[in-house]
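Structure first, commentary second.
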Amino acid sequence: MSNVFEGSKIHNILKDERFLYPDYVPERIPFREQEVSEMVFCLKPSTQGKKPENIFISGLPGTGKTVTSKFVLNELEEYSDRTKCLYINCFEINSYNGIFAKATNFLGYPIPIRGLSNEEIFERFVAVIKNKKIVPVFVFDESEQLLKKEDTKKLLYDLSRLNDQFKLFIGLIFISNDPMFLSLLDDRIRSSLNASVIKFEKYSCQELKEILKERAKYSFFSNVMEEEVIPLCAAHSANVGDARVAIDTLLKSARIAEKENSKKIMVKHVRKAFQEEKVIKFEIINNLTEQEKLILKLISKEEKTSVEIYNILKNKFAERTLRKAIFELEKKNVIEIIEKQLGKGITRTIKKKNSPF
Ligand SMILES: Nc1ncnc2c1ncn2[C@@H]1O[C@H](COP(=O)(O)OP(=O)(O)O)[C@@H](O)[C@H]1O
Ligand SMILES: [Mg+2]
């Protein structure tokens with residue numbers, strides 16, 4: 001019997017869709033020239049073995065913060081032997097020892113994650129940097145995650161002391177959708193970091209069109225799109241100015257067109273892609289459990305702590321059930337949980353997310 005994958009049709013629209021993936025870093029980043037040169041200005045001292053300026057990058061989702069930073073880091077490493085850059089996504093790694101383990105590992109002196117106290121880990125980290133002739137640059141993407149736990153708040157404090165207290169040269173770049181990130185830091189940390197702020201603005205419809213055209217050049221065969229397709233994808237996301245949404249819609253439309261055996265992406269395929277996006281959002285909200293829906297309703301006007309939620313709903317559900325529901329809502333990206341140290345315990349504040357609903 002033949003294999004089901006055999007004879008399955010080959011692509012006639014998408015030449016290489018990887019150029020449309022979110023983690024692809026293009027060779028140039030149109031409309032971010034100014035931001036790139038500001039970053040270069042801050043980081044250039046590291047190439048001469050001096051202290052770079054720390055940077056805080058803020059801007060709404062899809063404004064090119066991650067891709068622009070990765071682009072600049074690649075260029076920096078290519079240009080200079082005196083610096084090494086490490087990118088950390090704080091959604092993925094968000095503990096004190098996890099981050100320092102990654103950092104020391106990257107610098108060539110791995111430390112064990114378990115069995116050491118935070119103080120010991122920090123001491124070793126300082127020793128590793130002292131030992132090195134290079135100026136490391138660390139990027140913390142989605143850095144608002146670091147404010148959610150006491151453990152990672154301590155990490156921010158320790159990082160901020162490296163320069164003043166230990167006289168070590170290190171560049172720190174924080175990236176966040178939350179423009180308040182810096183003001184949420186303790187005064188002491190903020191003032192030692194002394195970060196230059198670079199704001200990424202939303203893309204206009206015209207800019208989104210250009211970005212899409214550029215990415216489409218590499219990912220599609222030629223002449224595989226109706227003329228309206230790119231303008232429509234751009235217009236769809238222009239409201240939020242989000243290049244991720246624009247690119248994603250184009251990729252979805254292409255896949256739909258290929259599935260229908262069409263030779264071209266047509267406006268009707270883009271419309272189908274919009275429809276699919278709506279259905280997915282609707283399904284997430286519709287398929288919440290009863291306790292998840294109730295929790296969401298409780299926090300719809302203002303945030304509540306987990307204990308408040310347990311108390312209000314204790315006649316209906318066991319605490320264990322509610323705790324699980326909160327965890328599930330976070331996984332579904334509907335809420336966020338923020339930890340605060342309060343005396344000896346930790347309180348968890350549950351907050352509804354604005355996007356994507
Ligand atoms: N100026 C640009 N040129 C080309 N692609 C871009 C540009 N800005 C953003 N993108 C693309 O849009 C998507 C979202 O960008 P990203 O940097 O992840 O946004 P953010 O980190 O601000 O949420 C990625 O696929 C990225 O490659
Ligand atoms: Mg990003």
Side-chain angles (χ1 to χ4, degrees), residues 14-40 55-76 85-94 137-148 172-182 197-220 229-231 233-255 273 277 333 336 353-356:
L14 281 159
K15 186 163 64 178
D16 191 342
E17 66 172 42
R18 283 174 302 180
F19 291 109
L20 297 176
Y21 290 176
D23 50 4
Y24 168 70
V25 180
E27 278 176 20
R28 45 177 232 110
I29 319 276
F31 312 113
R32 288 300 178 231
E33 291 81 6
Q34 174 68 28
E35 290 78 0
V36 168
S37 61
E38 281 178 48
M39 290 181 75
V40 167
I55 303 173
F56 171 54
I57 295 177
S58 83
L60 293 171
T63 51
K65 300 181 298 299
T66 299
V67 75
T68 307
S69 307
K70 285 187 174 170
F71 170 79
V72 171
L73 293 188
N74 290 346
E75 294 278 299
L76 180 61
C85 311
L86 176 66
Y87 170 89
I88 293 171
N89 183 315
C90 303
F91 258 122
E92 284 158 20
I93 310 185
N94 57 8
V137 174
F138 294 113
V139 180
F140 296 94
D141 202 351
E142 321 277 1
S143 58
E144 72 284 347
Q145 297 303 317
L146 300 175
L147 294 173
K148 292 189 177 170
L172 300 170
I173 303 178
F174 298 97
I175 307 176
S176 179
N177 296 338
D178 186 349
M180 301 304 283
F181 175 77
L182 280 185
V197 179
I198 305 178
K199 175 107 200 283
F200 280 51
E201 299 296 338
K202 291 200 301 189
Y203 290 116
S204 68
C205 190
Q206 189 56 36
E207 289 172 336
L208 289 169
K209 247 193 264 180
E210 295 298 324
I211 290 172
L212 284 176
K213 266 193 216 154
E214 180 90 12
R215 300 285 287 255
K217 254 197 257 167
Y218 305 103
S219 35
F220 294 120
V229 166
I230 283 187
C233 292
H236 171 65
S237 50
N239 206 359
V240 279
D242 185 330
R244 185 181 296 107
V245 177
I247 295 173
D248 200 44
T249 312
L250 185 61
L251 176 57
K252 275 201 195 113
S253 314
R255 286 189 179 144
E277 282 168 27
N333 205 18
E336 58 183 321
K353 278 211 168 174
N354 289 331
S355 63

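When a ligand or atom number is given, it counts from 1 through the structure's own listing order. One is the number of the first residue; the rest follow in order along the sequence.
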Do you know the tightest heavy-atom contact between [X] and [Y]?
{"X": "Glu142", "Y": "Cys90", "result": "O-CB, 3.5 Å"}
{"X": "Leu208", "Y": "Gly241", "result": "CD1-CA, 4.3 Å"}
{"X": "Glu144", "Y": "Asn177", "result": "OE1-N, 4.0 Å"}
{"X": "Gly64", "Y": "Tyr203", "result": "CA-OH, 3.9 Å"}

For [atom], find the nearest protein heavy atom and state the residue, atom name and distance (0.1 Å precision).
{"atom": "atom 21 (O) of ligand 1", "value": "Thr66 OG1, 2.7 Å"}
{"atom": "atom 23 (O) of ligand 1", "value": "Gly62 N, 2.7 Å"}
{"atom": "atom 4 (C) of ligand 1", "value": "Ile211 CG2, 3.5 Å"}
{"atom": "atom 17 (O) of ligand 1", "value": "Val67 N, 2.8 Å"}
{"atom": "atom 12 (O) of ligand 1", "value": "Ala243 CB, 3.3 Å"}

Side chain, backbone, both or neither: which part of [X] has a heavy atom under 4.0 Å from ligand 1?
{"X": "Tyr203", "value": "side chain"}
{"X": "Glu207", "value": "neither"}
{"X": "Thr63", "value": "both"}

From the candidates [options], the one that places a heavy atom nearest [atom]:
{"atom": "atom 26 (C) of ligand 1", "options": "Arg244, Arg215, Glu27, Arg28", "result": "Arg215"}
{"atom": "atom 24 (C) of ligand 1", "options": "Ser237, Pro61, Pro30, Pro22", "result": "Pro22"}
{"atom": "atom 9 (C) of ligand 1", "options": "Ser176, Gly64, Ala246, Ser69", "result": "Gly64"}

Got [X] and [Y] here, is their nearest side-chain heavy-atom distance under 4.5 Å?
{"X": "Val139", "Y": "Cys85", "answer": "no"}
{"X": "Ile57", "Y": "Ser69", "answer": "yes"}
{"X": "Arg32", "Y": "Thr63", "answer": "yes"}

Worksheet item: Lys65 to ligand 1: N or O pair under 3.5 Å?
Response: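 Yes, there is a polar N/O contact under 3.5 Å.
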
Worksheet item: If we only count N/O pairs under 3.5 Å, is Pro26 in contact with ligand 1?
Response: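 No; every N/O pair is 3.5 Å or more apart.
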
Atoms of ligand 1 close to [X] [distance to a heavy atom under 4.0 angstrom, numbered from 1]:
{"X": "Ile247", "value": "11 (C), 12 (O), 25 (O)"}
{"X": "Tyr24", "value": "27 (O)"}
{"X": "Ile29", "value": "1 (N), 2 (C)"}

Worksheet item: Parallel, tilted or perpendicular: which describes the rings of Phe174 and Phe140, with under 30° parallel and over 60° perpendicular?
Response: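 Geometry flag for Phe140 against Phe174: parallel rings.
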
Worksheet item: Within less than 2.8 Å of the Mg ion (ligand 2), how many protein N/O/S atoms are there?
Response: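 There are 1 of them.
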
Discussion item. Determine whether a donor-acceptor pair (N or O, by modelled atom type, separation under 3.5 Å) exists between the side chain of Lys202 and the backbone of Ala238.
Written reply: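 Between the backbone of Ala238 and the side chain of Lys202 there is no qualifying donor-acceptor contact (under 3.5 Å).
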
Practice prompt. Quick one: which residue pairs count as a salt bridge (charged side-chain N to carboxylate O under 4.0 Å, His left out) with a foot in residues 16-27, not counting sequence neighbours?
Written response: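 Non-adjacent pairs meeting salt bridge (charged side-chain N to carboxylate O under 4.0 Å, His left out): Asp16-Arg18, Glu17-Arg255.
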
Worksheet item: Applying a strict 4.0 Å limit to heavy atoms, is Phe31 in contact with ligand 1?
Response: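 No, that is not the case, since the closest heavy atom of the residue is not under 4.0 Å from the ligand.
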
Worksheet item: Looking at ligand 1, does Glu214 have a heavy atom less than 4.0 Å from it?
Response: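 Glu214: no contact with ligand 1 (<4.0 Å).
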
